[in-house]
Amino acid sequence: MTLGIGPECWKLEVPIMDDANSLVARSIAPVNNDFLRPPPPFRNNNAVDDGYHNNPITDKKSKRQQKRERREGLKSPQNLCPVVGKTGDVTSCLYKDKCRLSHDIDAFNAQKPPDLEGDCPFFKTLPYCPYGLVCRFSSTHQPLTTTTTTATPTKTSEVNGLTKNIQKLLWKNKITFPKADAKLKALGLKVNSNSKRNHLENKDGGNTAVNKNNPSDANASHEVTTDSASKLEEVIKDDDIDEKFESHVLCPQKRRKTSQDEGVSVSEEIVDGSRLEAEPEAESVTVTTEAGVGVTKGIDDRSCIKAESEAQTDTVTTETGVIEAEEIVQGSSIKAEPEAQTDSITTETGVRVTEESVERSYIKAETDTITPETDLSLKLHPREKKLIDFKDKLYLAPLTTVGNLPFRRVCKVLGADVTCGEMAMCTNLLQGQASEWALLRRHESEDLFGVQICGAFPDTVARAVELIEQECTIDFIDINMGCPIDIVVNKGAGSALLTKPMRMKSIVEVASGTVDTPITVKVRTAYFEGKNRIDSLIGDMGSWGASAVTIHGRSRQQRYSKLADWDYIYQCVKKAPSTLQVVGNGDVLSFVDWNNHRTKAPELATCMIARGALIKPWLFTEIKEQRHWDISSGERLNILKDFVHFGLQHWGSDTKGVETTRRFLLEWLSYTCRYIPVGLLDVVPQRMNWRPPSYYGRDDLETLMASDSAADWVRISEMLLGKVPEGFTFAPKHKSNAYDRAENG
């Protein structure tokens, strides 16, 4: 290829390609010379004029301004009340004139975009459309009758939704986790406290039922401080590990000794190579108040990981010399409700009881107490727990953004056996975020389905898995310990756990001991490239409680660049115990790749398929039928039509649902454009690291699908979902070829 640079324009010539072997050696796809075409002109990223890459820079609005604009927009004609839209009757809304949404049907119809071609996606499975007048296929709806609108809704095909009652309890932090806390205590791991009581304590300076001594007061003989800043650093053998990971310790913080702490006995024990602080039987500090009266208080541990609920008595003497006793229950998010307790505060004028002090001492209204199992005969042996078999099954990897429910349905139709939801953060699940719980939804066609979670601490993961098992219908839970995304790693989760093997062990042990659902783990080879460490850990993962481990043959620093190291995966498979299933992951793009990995490592349970499914979702069919499918552009378009149909059923057939479906379709098209038809290649099959040259397809649609321009992706979406709205912009989220920053090695 020759590229003439001149002031007038770009001058391009059709490239003359070398022989196929030399092209493959340079990771260039050997496309037949008859289909090659000149590459498009070089586009400056700072001056893209296709109208779809640009994200216009606007002034950042305050949250108050955004909220005000949202409220004002609710009354606009485009936001029709869903009850009115479903029934077509203005009087059907229970709120009448007090409704915050619009009831003007005529104004809504005047601004509604034209209906899309085709039939409503809901009438194939439901006797009615839940979106009514708002549906973009309303012209194809059957006339509504009274029996249709008032009939009991048909059972939905999706499960694992978050109910409002559970969400409100999560918002108020009123859900107890007895299994998780009992297991944490049994393993000697203290519970991380996020309780409202501690929030109130921090707000009041760390003391709720103890007199606070003013450090500047000359009459105060001692100062009681909560040393929450002291940290016991974890010793990591790898000298090259970033210092920022050393602050995320597994063990609780160690209190500094002061002159007031003399006589306090605190024992420490070594558990699995980590220093864990045992519960002090009694820890007391004597403080002299202004009146010279002694105040004795059992000081609870202020570290980030709290102990299990244990009652202790605080004796507080006020300025008048009155001694009061208050029973304080320690713990995190699980509290025991006392039978009757009032916190009396004695002042100079008398005694007064306030509800606020009671709330600080007893936050939970639950009556369930934590009762650790004492009868070991009732505890399930690991071999008696539910098992899951991945042997020779086609496993679709959990894929962020593009691994949504409609895409998984497409893969199920094309032959996938095992599916897994997108990665969900444990903290967001425990906070009741609806957007995070939506990642756990499951379609009835997914017969073998799991969810993937990500967390940085054992207590967070333990409570998340207990809640998921209670509220969802799943076959396994996968814990992500290989995510390379910065926002995840900076919180100590994902790939950051590869630098803390003891933390990894604690998370797997407490998760597998809390629930009966099989626990699987997904890891990368290492955090830093060239410093693999999974081979030294995989021999013990089975004893931790993991049913299977998936190894992605890249390091965190490598991200998705270069080829996956399958030789290292084979090495890990040989070191794994026979009871632990090992799944390989990385660069499977054809049935030839699948067969090679299964042949070189017969002990391998299966291969996980990730980007290969995004580029060519019919890969599952190729593996099962053991053939290279030279799929036509029309067949590929039908697959996209199935995705759109499933997306409208999942996200809705109104304007918002149509645009949501379009966004996810465009994200997927940013991967499918990398596929090179089999009939155009001189060497088959295509490899993951091949860079395709510019080429013509065998028809116009195939040429359009091969384009890497966002404008062409939008044109494909308009063939399926109609014209895009004015001001529409799109830029793909992923950066699959990005190599990590220089400061990470």
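Remember, it's a predicted structure, so these values are computed and weren't measured experimentally.
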Query - Side chains of Thr550 and Asn585, donor plus acceptor under 3.5 Å - result: no

Report task. In sequence, state the C-alpha distance, the side-chain angles, and the governing distance for Phe528 and Leu498, and then conclude on side chain to side chain contact (heavy atoms under 4.5 Å, CB included). Result -> CA-CA 10 Å; Phe528 295 106; Leu498 297 175; over 6 Å; no

Query raised in the report: Residues two or more places apart in sequence or in another chain: which of them pass side chain to side chain donor-acceptor pair (under 3.5 Å) with Glu444?
Result: none

Report task. Report yes if some heavy atom in the side chain of Met481 is under 4.5 Å from a heavy atom in the side chain of Met504; otherwise report no. Result -> yes

Requested in this report: Please round to the nearest 0.5 Å and tell me the distance separating atom CG of Leu184 and atom CD of Glu509.
Outcome: 11.5 Å

Query raised in the report: Of the non-hydrogen atoms in Arg611 and Tyr560, which two are nearest, and what is the gap between them?
Result: NH2-O, 3.8 Å

Requested in this report: Start with the C-alpha distance between Arg463 and Asp181, add both sets of side-chain angles, then the distance that settles salt bridge (Lys or Arg N to Asp or Glu O under 4.0 Å), and finish with yes or no.
Outcome: CA-CA 8 Å; Arg463 291 169 182 168; Asp181 288 347; 3.3 Å; yes

Report task. Check whether any side-chain heavy atom of Asp478 sits under 4.5 Å from a side-chain heavy atom of Val451, and report yes or no. Result -> no

Query raised in the report: Would a distance-only check, ignoring hydrogens and angles, find a side-chain to backbone donor-acceptor pair under 3.5 Å from Gln452 to Pro398?
Result: no

Requested in this report: Dump the intermediate steps for salt bridge (Lys or Arg N to Asp or Glu O under 4.0 Å) on Glu466 and Lys179, then the final yes or no.
Outcome: CA-CA 7 Å; Glu466 181 177 353; Lys179 292 182 179 179; 6.0 Å; no

Query - Verdict with supporting geometry, Glu446 and Arg408, salt bridge (Lys or Arg N to Asp or Glu O under 4.0 Å) - result: CA-CA 8 Å; Glu446 298 179 272; Arg408 298 198 304 269; 2.6 Å; yes

Query raised in the report: Of all heavy-atom pairs between Ala546 and Val508, which one has the smallest distance, and what is that distance?
Result: N-CG1, 3.9 Å

Listed pairs under 3.5 Å, donor-acceptor, residues 163-170 side chains, sequence neighbours left out:
| residue | atom | partner | partner atom | Å |
| --- | --- | --- | --- | --- |
| Thr163 | OG1 | Ile166 | N | 3.4 |
| Lys164 | NZ | Gln167 | OE1 | 3.2 |
| Gln167 | NE2 | Gly432 | O | 2.9 |

Report task. Taking side chain to side chain donor-acceptor pair (under 3.5 Å) as the test, write out the residues that go with Glu659, two or more places apart. Result -> Arg662

**Report entry** Distance (rounded to the nearest 0.5 Å) between Ser547 OG and Ile388 CD1
**Finding:** 8.0 Å

Query raised in the report: Stepwise, does the side chain to side chain contact (heavy atoms under 4.5 Å, CB included) test hold for Ile479 with Cys454?
Result: CA-CA 6 Å; Ile479 302 177; Cys454 185; over 6 Å; no

Query raised in the report: Sub-3.5 Å donor-acceptor pair from the side chain of Asp535 to the main-chain atoms of Cys572, do we have one?
Result: no

**Report entry** Minimum side-chain heavy-atom gap Arg556-Val489 below 4.5 Å
**Finding:** yes

Report task. Please assess Val515 against Ile468 for the test side chain to side chain contact (heavy atoms under 4.5 Å, CB included), listing each intermediate value before the final yes or no. Result -> CA-CA 9 Å; Val515 297; Ile468 290 173; over 6 Å; no

**Report entry** Side-chain heavy-atom pair Phe664, Phe407 within 4.5 angstrom cut-off
**Finding:** no

Query raised in the report: Between Asp475 and Phe449, is there a donor-acceptor pair closer than 3.5 Å when you use the side chain of the first and the backbone of the second?
Result: yes

Requested in this report: Please examine the side chains of Val521 and Val523, heavy atoms only from C-beta on, and report whether any two atoms are closer than 4.5 Å.
Outcome: yes

Report summary line: Output for pair (Lys656 NZ, Trp651 CH2), nearest 0.5 Å, gives 13.0 Å

**Report entry** Polar side-chain atom of Arg554 near backbone of Gly586 as donor-acceptor pair, under 3.5 Å
**Finding:** no

Query raised in the report: If you take all heavy atoms of Trp668 and Leu614, which pair is closest and at what distance?
Result: NE1-O, 3.0 Å

Report task. Determine the minimum heavy-atom distance between Val582 and Ile538, stating which atoms define it. Result -> CG2-CD1, 4.0 Å

**Report entry** Set of ring-ring contact (aromatic ring centres under 6.0 Å, His included) partners for Phe646, sequence neighbours left out
**Finding:** none

Query raised in the report: Within the distance-only criterion (no hydrogens, no angle test), does the side chain of Thr606 pair as donor or acceptor with the backbone N or O of Lys393 below 3.5 angstrom?
Result: yes

Query raised in the report: Going by atom types alone, do Arg524 and Gln558 pair a side-chain donor with an acceptor below 3.5 Å?
Result: no

Requested in this report: For Asp540, check side chain to side chain contact (heavy atoms under 4.5 Å, CB included) against everything at least two apart and list the hits.
Outcome: Ser543, Trp544

Report summary line: The single option from Ile453, Val465, Leu467 that satisfies side-chain contact (heavy atoms from CB on, under 4.5 Å) with Leu429 is Ile453

Query raised in the report: Is there a side-chain contact between Tyr527 and Gln557, using heavy atoms and a 4.5 Å cut-off?
Result: no

Requested in this report: Grab the two heavy atoms, one from His552 and one from Lys522, that are nearest each other, plus how far apart they are.
Outcome: CB-NZ, 4.2 Å

**Report entry** Point-to-point distance, once rounded to the nearest 0.5 Å, from OG1 of Thr400 to NZ of Lys733
**Finding:** 9.5 Å

**Report entry** Evaluation steps, side chain to side chain contact (heavy atoms under 4.5 Å, CB included), between Phe730 and Arg663
**Finding:** CA-CA 8 Å; Phe730 172 75; Arg663 290 280 180 178; 4.0 Å; yes

Query raised in the report: For the rings on Phe390 and Tyr395, is their centre-to-centre separation under 6.0 Å?
Result: yes

**Report entry** Close side-chain approach of Ile507 to Thr460, heavy-atom, < 4.5 Å
**Finding:** no

Query raised in the report: If you measure from NE2 on His650 to CG on Leu405, what distance do you get to the nearest 0.5 Å?
Result: 5.0 Å

**Report entry** Contact check, side chains of Asn404 and Phe643, non-hydrogen atoms, under 4.5 Å
**Finding:** yes

Query raised in the report: Looking only at heavy atoms, which two atoms of Leu440 and Cys472 are closest? And how far apart?
Result: CD1-SG, 4.1 Å

Report summary line: Applied to residues 420-435, the salt bridge (charged side-chain N to carboxylate O under 4.0 Å, His left out) test, sequence neighbours excluded, yields none

Query - side-chain hydrogen bond (donor to acceptor under 3.5 Å, both in side chains) partner of Lys412, the single match among Thr419, Asp447, Asp417 - result: Asp447

Query raised in the report: At what distance, to the nearest 0.5 angstrom, does CG of Leu187 lie from OG1 of Thr514?
Result: 8.0 Å

**Report entry** Donor-acceptor contact below 3.5 Å, side chain Ser495 vs main chain Cys483
**Finding:** yes

